[in-house]
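Here's the structure we're looking at; comments come further down.
Note that the numbering runs from 1 along the sequence shown for the chain. As the structure lists them, so they are numbered: ligands from 1, and atoms in each ligand from 1.
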Amino acid sequence: MSLCLYQQCLNPNLLQESASFVMAGMDSAVVGTNGNHLSGSSSSPLPPLVSALTLVIGPLAMLSYCRFIQHHALVSAYNFHCATNGLRHTSFQVFKVADNQVAGHRFEEGRVGSLIDDSGRFYKPLQTGARGDKEVNFFKRFHSDVNVPSSVKSFFPNFFGTIEIDTPNGGGLVRHAVMENLTNGFQHPSVMDVKIGFRTWYLEAGPKYVEKCKLKDQETTSAALGIRVSGMMVYEANKGEAWKAGRDWCKYIKTEAVSEALVRFASSNPSAEKEYDGAFCKAVYGATLTELQKLKSWFEEQKSYHFHSASVLIVYEGKPSRTQTVSVRLVDFAHVVYDKNEIDDNFLSGLNALMKMLTEIIDSVGNVDTSASHK
Ligand SMILES: O=P(O)(O)O[C@@H]1[C@@H](OP(=O)(O)O)[C@H](OP(=O)(O)O)[C@H](O)[C@H](OP(=O)(O)O)[C@H]1OP(=O)(O)O
Ligand SMILES: Nc1ncnc2c1ncn2[C@@H]1O[C@H](COP(=O)(O)OP(=O)(O)O)[C@@H](O)[C@H]1O
């Protein structure tokens, strides 16, 4: 979790330019609200370790490919509480590979994946063109939609705008969405991404994309079950390390083995001697169901947002503790369609399918054979 990928240049001229850009471009209401933080964040002393790192790595960074990050979020971030913190990106920034990312676009040969920082932010590389814009527009629209209750908004990551980060693979500047890191605060998170819906495609996306999705929905469990386990990692306290499912492990889970995979995710009680703990599994999924029920109530009414290919992200603490926290949130909003004025049956039925499966697991968890392979 400690690979330092980028070191932002500490070029005072650039900082200056950026600061004045921000001040000039921002709405006065934002400056008025956050003015103290604005000036404070640009001049606040760096923590000792960071300062030391700056001295050592700074000159190297200056020579390396790390260019100044252009911050585009600040002007448009009027409706979001990001402007003040956003300015921090203009001073000093250490990004790390998001090791807790379990699905989606990851750092692989020639590809760019998500990053995190120590302040609890998650940087998701946006696709070029319309697709990236779609996700950004979703966040802006959704978080400022007065018709969505705040209890529902809290299922979605906070959004802090976008920044462009120079990638080390020669790809140049890549725009990233800056979000709340949903695994922040967990010492050893166990994380599972469950894609919701019997179909991930939607006609508005165009025939090529629809074909690609249809094939994937058939090949995986989406079409048959309404859910697809897209990724998972489980912290195994007895080993002191996390087991992460590979892309193919997830892709080729057979329909009849999904339940077993779900049990595997939640039954690894780090405080238990044995590998499999039904009581722990019940506790994790009991808490999950309580959250999903709230989400479901909203989906039973709302007609404004249709989510395709979005996922429920379940996170629990793998470090032994007496109280267990389970976080249930949503991710991936690159395929949202608006104002259809009808219930999002595809997402709702997928959610119901997941809830039914989790309920069945809770009822029968003692009987599941977790030693069997899922293949
Ligand atoms: O962008 P691609 O073609 O690599 O496809 C992504 C998939 O990568 P893969 O092709 O399986 O290596 C990717 O699969 P993984 O999660 O990496 O297994 C996702 O399915 C992604 O969809 P979304 O952004 O989660 O809706 C997929 O993105 P879209 O199909 O939504 O573009
Ligand atoms: N805000 C977030 N905080 C923490 N992890 C996240 C966040 N958003 C996404 N992830 C991680 O990244 C993975 C892929 O996210 P997703 O939005 O589906 O990306 P992609 O569009 O590349 O498929 C998720 O399964 C999760 O592990």
Is there a polar contact between ligand 2 and [X], counting only N or O atoms under 3.5 Å apart?
X      : value
Pro157 : no
His105 : yes
Asp332 : yes
Leu182 : yes

When the aromatic ring centroids of Phe186 and Tyr235 are compared, is their separation below 6.0 Å?
->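 Judged by ring-centre distance (under 6.0 Å), Phe186 and Tyr235 do not meet the cut-off.
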For the residue pair Phe280 and Tyr285, is the inter-centroid distance of their aromatic rings smaller than 6.0 Å?
-> no
Could you see which bit of Lys124 sits under 4.0 Å from ligand 2, with heavy atoms only: side chain, backbone, both or neither?
-> side chain
Under-4.0 Å heavy-atom contact with ligand 2, by part of Asp193 that carries it | side chain
Test side-chain contact (heavy atoms from CB on, under 4.5 Å) applied to Phe159 and Phe142, Phe138, Phe139, Phe333, the passing residue = Phe139
Pairwise salt bridge (Lys or Arg N to Asp or Glu O under 4.0 Å) hits with a residue in residues 176-191, at least two apart =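 For residues 176-191: Glu180-Arg329.
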Given Gly104, Ala98, Ala103, which one has a non-hydrogen atom that is nearest to atom 13 (C) of ligand 2?
->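 Nearest option to atom 13 (C) of ligand 2, by heavy atoms: Ala103.
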Can I get a per-line list of side-chain donor-acceptor pairs under 3.5 Å for residues 198-206, giving both atom names and the distance, sequence neighbours left out?
residue: Arg199; atom: NH1; partner: Trp201; partner atom: O; Å: 2.7
residue: Thr200; atom: OG1; partner: Asp217; partner atom: OD1; Å: 2.8
residue: Thr200; atom: OG1; partner: Asp217; partner atom: OD2; Å: 3.2
residue: Tyr202; atom: OH; partner: Lys134; partner atom: NZ; Å: 3.0
residue: Tyr202; atom: OH; partner: His335; partner atom: ND1; Å: 2.8
residue: Glu204; atom: OE2; partner: Lys340; partner atom: NZ; Å: 3.3

Leu313 heavy atoms, cut-off 4.0 Å: which ligand 2 atoms fall inside?
->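 Result: 25 (O), 26 (C), 27 (O).
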Mind checking whether Tyr123 and His176 have parallel, tilted or perpendicular rings, split at 30° and 60°?
->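 Plane angle over 60°, so perpendicular.
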